[in-house]
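What follows is one structure encoded as C-alpha cells, with my remarks underneath.
Numbers for residues simply follow the sequence, beginning at 1.
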Amino acid sequence: MTDVKALELQHVLQTYRRLPVVFERGEGMSLVDDHGRRYLDFVSGIGVASLGHAHPAIARAMARQAETLLHTSNLYFHPLQGELAARLASLTGLPRAFICNSGTEAVEACLKFTRRYWHGRGETGRTKYVALPHAFHGRTMGSLSVTWDEHYRAPFAPLVPGVTFAASLEPEALAAAVDEQTAAVIVEPIQGEGGVRPIPPALAQAITAACQRTGTLLIADEVQSGSWRTGSFLSSRELGLNPDAVALGKALGGGVPVGAAMVSEAIASQIAAGDHGTTYGGNLLACRAALTFLDVVDGGMLESIRRVGTYLQQRVRDLAKAHPDRVVDARGVGLFAGLELNADAQPVVIAALERGLLINRTATTVIRLLPPYIAAERDIDQAIDILGACL
Ligand SMILES: *Cc1c(COP(=O)(O)O)cnc(C)c1O
C-alpha cells in the first residue's frame, strides 16, 4: 500500500481521491486486496465490470483474441465491428453504430452527429443543445459543456457555446428551453452521477412533445442506464422516449473500454467519410469484449438480472423505511439503485469498506449501488445487511 501510494503521489496526476485499498485480483462478485482480504463489489468499477471479475467467457475471449489479432485501425475491414454494430442495431432499434472507447466519446460523437445532421440539411444556425439539471455526460469539452455541475465546468470555461440547461425537472421548464434553434436535447433516462434519479414520466413526455413540436433531435445518454443494467437494453424505451441517437459505454465491454454512438438512418444519411474518426475505436479486442458480453447476457442471464434487480429495489426501499432517521429516499431501477441520505454519504462508504463491502457515493449524499449482473439474491442480502449496520 505505502509503495503504491507513494509512487502514485509522485507521478500520477492527482485528479482522483482514492480510497486506501489496493486491489490485486477479482473473482465473480469479489475483489481481493493486497492483504488477501475479500470485498463484495457493489460498484463494479462504476458499472463497468458487468459480468463480475475474471468472468471465464471474457477471460477466454480476450486471451484468444490477443493470440489472433488485437488492432488494425479503421483503415481496414475486420470481421468483428460490423457484427457488433448489427447486434447493437437490433438491440437499440437504431440502425448505425460508431464504435469508440468510452462513454464520453460516445456522447461527444452524438453531439457532433446531431449538429452534422442540421449542417447537412443546410440549417447551419441550428446548433444549440438543451440538457437537464443534475446531468452528467462526461469530461471532454463537448460532453462537459452539457454536464450540469458548475464545479466540473467552471474551471475550464469557455466551453461549447449554445448550451441551455432546463431551469428545473418540471415539464414546463423543459418545454421553455427547446426551440427551433435547438439541434438536440440530451438526457440520461436515469441520471447516474446526479444521484440515481430516474427522470419523471411527465418530463419524458414533455421531452418527446418538445422534440416533436420543434423537430429537435433527442440524444439518450445510456452510458450508465443502458446495456441491460435496469433489465432493459435501453431505459429510454421504458420511459416512452424515442431517441434519434444513443450513447452506450460502461457495462458494454464487460471491463474492456468500449463505447458506441447509435444513430437513426436520418442522421446517418448526413454523415460522410472523414466526418469523425478514432484510432483505437472498434478494434478487435474491444469488439470481441462487447460481443462476448452480449452473448453471455443474451445467452440466459436476462431473467436473473430482472429478478435480482427487482429484489435489490425492494431491499433498498425496505432499508430506507428501516432507517427513516438517516435515509431520505430510495431510488433506481433494476441493478441500479440509490439511497439518498440526510448527510454526506462518504462516512458510510468508508464504514462499508471496513466491513468488506464496496459501495460508492455520488452527488455528495447518495449511496449508489451498481452490482455486476451476476449478482444473486444472497449477494443482495449480504450487501444490504452490511449497509444496514453501517447506517
Ligand atoms: C460514466 C458516464 C459518462 C462518461 O463515460 P466515460 O466512460 O467515463 O467517458 C457519460 N455519461 C454518463 C451518463 C455516464 O454515467
*Where is the tightest heavy-atom contact between Ala54 and Gly26, given as atom of each residue plus distance?*
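Looking at all heavy atoms of both residues, the shortest contact is CB-O, 3.5 Å.
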Residues [X] and [Y]: side-chain donor-acceptor under 3.5 angstrom:
| X | Y | value |
| --- | --- | --- |
| Glu188 | Ser225 | no |
| Ser235 | Thr230 | yes |
| Tyr311 | Arg307 | no |
| His35 | Asp33 | no |

To the closest 0.5 Å, what do you measure between [atom1] ([X]) and [atom2] ([Y])?
| X | Y | atom1 | atom2 | result |
| --- | --- | --- | --- | --- |
| Arg355 | Leu387 | CZ | CG | 10.5 Å |
| Thr140 | Leu159 | OG1 | CG | 10.0 Å |
| Arg306 | Leu302 | CZ | CG | 3.5 Å |

Side chains of [X] and [Y]: closer than 4.5 Å at any heavy-atom pair?
| X | Y | value |
| --- | --- | --- |
| Glu123 | Tyr117 | no |
| Ile199 | Ile207 | yes |
| Glu222 | Pro189 | yes |
| Leu391 | Leu341 | yes |
| Phe293 | Ser50 | yes |
| Leu88 | Ile99 | yes |
| Val296 | Tyr373 | no |
| Asp379 | Pro371 | no |

*Does the side-chain contact (heavy atoms from CB on, under 4.5 Å) test come out yes or no for Asp295 and Arg87, once each step is laid out?*
CA-CA 10 Å; Asp295 282 343; Arg87 292 282 292 276; 3.0 Å; yes
*Pick from Asp244, Val263, Asp275, Ile219: which one makes a side-chain contact (heavy atoms from CB on, under 4.5 Å) with Phe113?*
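With Phe113 as partner, side-chain contact (heavy atoms from CB on, under 4.5 Å) holds for just one option, Val263.
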*asked:* Membership question, hydrophobic clusters at under 4.5 Å side-chain separation (ILVMFWY): are Val297 and Val258 in the same one?
replied: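 As far as the 4.5 Å side-chain criterion goes, Val297 and Val258 are connected within one cluster.
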*Linking I/L/V/M/F/W/Y whenever any side-chain heavy atoms sit under 4.5 Å apart, do Tyr39 and Val349 land together?*
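Per the 4.5 Å side-chain linkage, Tyr39 and Val349 are co-clustered.
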*Pair Arg96 + Glu265, salt bridge at N-O below 4.0 Å*: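 Result for this pair is yes, salt bridge flagged.
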*Applying side-chain hydrogen bond (donor to acceptor under 3.5 Å, both in side chains) between Gln224 and each of Glu193, Arg229, Gln191, report the one that passes.*
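Going through Glu193, Arg229, Gln191 one by one, the side-chain hydrogen bond (donor to acceptor under 3.5 Å, both in side chains) with Gln224 is satisfied by Glu193 alone.
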*asked:* Among His71, Gln65, Arg288, exactly one meets side-chain hydrogen bond (donor to acceptor under 3.5 Å, both in side chains) together with Asn283. Which residue is that?
replied: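 Filter result, single survivor: His71.
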*With side-chain contact (heavy atoms from CB on, under 4.5 Å) as the test, would you mind laying out the steps for Phe42 and Ile384 before giving the verdict?*
CA-CA 10 Å; Phe42 268 55; Ile384 296 289; over 6 Å; no
*So His276 and Phe98, would you call those rings parallel, tilted or perpendicular, with 30° and 60° as cut-offs?*
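The rings of His276 and Phe98 sit tilted, inter-plane angle from 30° to 60°.
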*Would Arg126 and Thr216 count as a side chain to side chain donor-acceptor pair (under 3.5 Å) if you check the C-alpha gap in whole Å, the side-chain angles of each, and the deciding distance to 0.1 Å?*
CA-CA 9 Å; Arg126 192 158 188 166; Thr216 300; 2.9 Å; yes
*asked:* Does Arg317 form a side chain to side chain donor-acceptor pair (under 3.5 Å) with Gln313? I'd like the steps, not just the answer.
replied: CA-CA 6 Å; Arg317 279 160 181 76; Gln313 295 302 326; 2.6 Å; yes
